[in-house]
Amino acid sequence: MEELAKKYSFKDIEEKQYLFTEEKSFFHAKTNSSKKPFSIVIPPPNVTGILHMGHALNNTIQDILIRYKKMRGFESLWMPGTDHAGIATQNVVERKLAKGGVTRDSIGREKFLELVWEWKQEYGSTIIRQLRRLACACDWQRTRFTMDEGYSDAVLEVFIRLYKKGLIYRGNYIINWCPRCRTALSDEEAPHKDTQGFLYYIKYPIKDSKEFVIVATTRPETMLGDSAVAVHPKDKRYKSLIGQTVILPLMDRPIKIIADDFVDPDFGTGAVKVTPAHDPNDYVMGKRHNLEFINVLNPDGSCNENAGDYQGSDRYEAREAIIEDLKARKLLVKVEAHQHAVGHCYRCHTVIEPYYSKQWFVKMKPLAKPAIEAVQEGRIKFYPQRWTKVYLNWMENIQDWCISRQIWWGHRLPVYYCAKCRDENDYKKGVIVSLQKPDICPECGAKDIVQDVDVLDTWFSSWLWPFATFGWPFREKSTDHSQQSTDHNQQSADTEKQKRELEYFYPTAVLVTAPEIIFFWVARMIMAGFEFMGDIPFKDVYIHGTVRDDTGRKMSKSLGNSIDPLEIIVDYGTDALRFSLISITAMGQDIYLSKEKFEFGRNFCNKIWNASRFILMNLKEDSGSWQKVSNKEELCFSDAWILSRFNSTLKKLNSSFAQYRLNESANIIYEFFWHQFCDWYIEFSKLSIENKTTRAVLYNILEKSLRVLHPFMPLITDEIWQKATGQKTSIMSQPWPEVDEVYIDAGLEKEMRILMDVCCDIRNLRNEKNIKPKDKADITIGSDDQHIISVLDKNREYLIDLAKIQTLNFAGEKDLDVSINPTASSTGCLIMMKAKRDEGRDTQKEKEKILKQIKEISEHITRKNKLLNNENYLKKAPAAVVEKEKRSLLELKQEKAKLKKIKNALK
RNA sequence: GGGCGCGUAGCACAGUUGGUUAGAGCACCUCCCUUACAAGGAGGGGGUCGUAGGUUCGAGUCCUACCGCGCCCACCA
């Protein structure tokens with residue numbers, strides 16, 4: 001057994017311990033038929049990511065579960081990896097190029113992708129390195145990337161399967177378009193934010209008339225693409241106008257006035273301009289009335305050739321110009337301030353444009369069905385439960401998923417077109433969906449074949465994460481015929497191994513993630529799980545809260561209010577960061593953070609260190625003899641007590657773990673270790689430290705405490721544990737302690753409670769009378785309760801030591817002299833103290849205090865009397881509760897009598 | 001428009017199925033550098049649990065309404 005350094009210095013141990021556990025492959029999992037599997041796939045951070053508090057929380061939770069389950073005998077696998085994050089990564093590299101005045105268009109697709117890969121090689125593992133600093137027990141040998149060769153196979157395979165099943169189609173629809181990223185986005189990628197804007201009222205002149213129809217719009221520039229004006233069919237104001245023609249201002253285009261139920265007569269003027277190519281509602285109306293779809297915008301958001309005089313100007317410049325021009329023509333009636341929800345690009349926050357374009361979609365309704373049922377039937381459970389409703393609500397109203405993106409970084413669609421057969425009006429014609437580029441068109445034999453230029457939505461690869469990370473679909477690479485079969489055999493063996501692993505570890509146990517990811521990822525993984533694996537991807541979904549600053553704002557780079565986990569690690573240590581974070585994270589609640597909160601974990605680390613130091617220091621000579629705790633019968637009072645406490649604590653701990661109540665688990669251990677083990681037991685142990693049994697118990701409880709602390713604070717616990725046991729291994733490889741019911745003794749714990757209470761009463765009394773620790777006091781305890789007297793007498797050494805007593809006597813209650821320093825104990829005893837220095841007694845103050853106590857206790861007694869006289873209560877409340885009340889009333893009465901006695905003795 | 005979460009001590013928060021006098025942390029006050037620990041120890045003060053009703057023998061906990069704060073969803077031109 002080694003001694004510990006006087007000062008706890010996390011800098012000296014944390015990195016060392018992590019490297020040790022990683023090197024020794026404690027994190028590696030494999031199929032093991034003798035164990036049950038427990039697997040988690042990491043929510044793959046973006047390759048562009050740098051560690052923030054959200055990651056720290058998310059991964060600490062997973063790490064605790066992984067280590068805990070491993071200790072509980074499961075084969076724990078934590079699958080790590082990163083996400084190629086199409087748009088985000090492309091943006092990062094484009095920004096970098098822009099500094100050198102280079103655009104992606106100027107260098108071309110191939111060169112650009114080369115540069116992105118270079119960037120990925122250089123910076124893509126930053127987040128992985130940072131996760132190591134958090135001490136994550138990921139199986140790093142398995143680290144996956146969503147654009148790895150094998151993983152990409154899975155993505156293409158899935159596309160092809162869904163296409164063949166008729167669940168993927170291509171067509172012209174209104175989608176969300178980001179003019180800055182110049183790509184289509186799914187609905188989830190274009191979150192709506194309340195935005196302050198204006199409602200512009202514009203006159204549309206009626207053809208061959210002096211009259212006007214006034215329409216209201218928030219986006220006047222879209223009027224360039226108007227192809228109708230719509231009114232409600234029952235709106236009396238406009239009934240006569242239906243079917244007439246108006247002249248679209250600025251464009252001088254005649255357009256019809258149509259009637260449609262969609263129009264709300266109470267909004268604006270009740271007449272609405274219809275722009276089928278730039279508004280989702282208008283799109284539907286356009287289809288209904290067979291209107292023209294006029295796209296007036298270029299992909300970058302500037303006006304195109306359909307925009308008349310405004311061609312070339314940016315959408316917002318065009319808006320300004322149009323307003324000015326309408327004003328000049330006296331066609332602008334008024335402008336009102338107007339708040340409305342506007343979609344924004346989730347990557348660059350640019351206002352998106354609803355945009356009519358040709359895209360690829362996945363039909364979602366058929367995929368959603370089993371995914372809905374699995375959650376309804378409880379085969380997948382959300383923690384906290386309330387997310388179930390959010391999930392089901394979204395799934396039941398699911399819309400088709402736009403999966404094509406007009407960027408370069410990502411999985412290119414496995415779609416090829418035959419130039420000859422291709423027909424823009426029939427997406428299936430001349431289309432070849434295949435893994436490899438076909439040499440000739442299977443229909444016409446032409447050789448002019450091109451691949452679709454789009455790539456797939458990043459989430460179209462992430463939704464396969466729980467099984468594609470295991471190598472699914474296990475396609476064997478087409479081996480060169482010239483190569484010999486050894487390679488091939490090796491490859492088959494690998495594939496077989498992967499298949500077994502997938503079978504063993506899938507479905508995974510739990511997915512840990514943030515609420516904003518439920519639609520993007522959780523829901524889609526469930527659908528993919530059923531579609532491609534025929535089973536759920538995970539049993540539990542643990543949704544944790546959002547990390548906020550101490551004023552409740554979401555932590556974000558742009559607000560500048562984020563706390564950098566790496567800075568916390570430098571200042572307080574990894575263990576301190578983890579323990580602080582987890583102990584303030586109530587399940588599913590948001591987390592409010594400030595830097596000071598990490599002192600909590602740091603102080604606890606320090607406490608653990610010092611307590612351990614004391615124990616190792618005292619036990620260093622015993623080599624080996626501490627290993628065994630004697631029979632229960634041979635244990636002294638305090639030794640038996642701490643064993644009882646430990647085991648009942650462990651019981652509570654296990655049940656909180658089972659419910660994912662990790663903050664509760666952390667606080668249970670904290671309370672036990674600090675306030676029972678350190679505050680009381682270690683102090684008790686000093687009295688019997690020469691005793692073999694006590695030394696064994698000290699060692700035993702410390703060693704087991706380190707085990708249960710390990711999932712939360714892996715580094716400090718491994719360091720101390722190795723020094724204590726002399727074993728060069730990690731606690732991770734050790735079993736979780738078993739609850740030993742034999743040691744749990746409620747009666748004993750109650751007796752200890754009496755001892756502690758009396759001790760606290762005496763300390764309190766000393767404090768009040770300002771008696772210094774070195775001034776020992778003479779204590780007489782008066783009670784008629786033989787049990788209490790015997791408990792105190794039996795354990796008098798403890799009391800004498802902990803309460804700094806000179807002489808300790810017992811007396812009958814009546815015989816006690818209460819004229820000196822008396823106090824009434826909550827245990828029902830009267831305590832009198834005689835101290836050597838006893839000057840400056842303020843009897844007036846004492847009297848006030850005791851009167852206040854009497855008043856309080858009288859109120860309680862009145863309340864209880866009333867309750868116990870209530871017939872209904874006696875009839876309906878459980879007998880045990882009534883008994884408890886009666887007992888407590890009796891105790892209160894006794895206490896009151898004692899207080900009165902003390903009061904009367906005061907002059 | 002629909003849904004969800006929160007409101008408990010000066011501060012930021014726990015409180016599992018309703019059951020003694022509502023809890024720890026930080027901060028504050030008093031005392032103590034006692035041979036593991038001042039990043040510590042021993043004590044202490046501080047709350048009519050957002051408001052108003054209701055159910056119940058009993059409500060921080062369940063129900064209803066309302067008031068504040070925050071979040072999510074929705075085709076509010």
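Chain letters run A, B, ... following the sequence lines, proteins first and then strands; every chain starts at 1.
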Secondary structure string for RNA chain B (Watson-Crick or G-U under 3.5 angstrom, | for other-strand pairs): ((((((((.[[.[.)...(...].]].(((((.......))))).....[[[[[..)....]]]]])))))))....
Sugar-phosphate, base or nothing in reach of C605(A), heavy atoms under 4.0 Å: nothing
Neighbours of RNA chain B within residues 880-893 of chain A, by heavy-atom distance under 4.0 Å: V881(A), S888(A), L892(A)
Atom-pair distance (NE2 on H192(A); C1' on C73(B)), nearest Å: 10 Å
Whole-Å distance separating the CZ atom of R602(A) from the P atom of C37(B): 17 Å
Check: C37(B) base within 3.5 Å donor-acceptor of K607(A) side chain: yes
Footprint string (nucleotides 2-7 of chain B, 5' to 3'): B base within contact, S backbone only, - free, heavy atoms under 4.0 Å: -SSSS-
Presence of K769(A) side-chain N/O under 4.0 Å of C31(B) phosphate oxygens OP1/OP2: no
side-chain N/O N764(A) vs G44(B) OP1/OP2, d < 4.0 Å: yes
Parallel, tilted or perpendicular: ring planes of Y283(A) versus Y356(A), cut at 30 and 60 degrees: tilted
Proximity to the side chain of H860(A) - top-ranked nucleotide from U21(B), G19(B), A12(B): U21(B)
Rounded distance (Å) that lies between atom C1' of G41(B) and atom CZ of F614(A): 14 Å
Aromatic ring pairing Y670(A)/H675(A), orientation class (parallel under 30°, perpendicular over 60°, tilted between): perpendicular
F614(A) six-ring centre to K686(A) NZ/CZ under 6.0 Å and within 45° of normal: yes
Parallel, tilted or perpendicular: rings of Y8(A) and F10(A) (30°, 60°): tilted
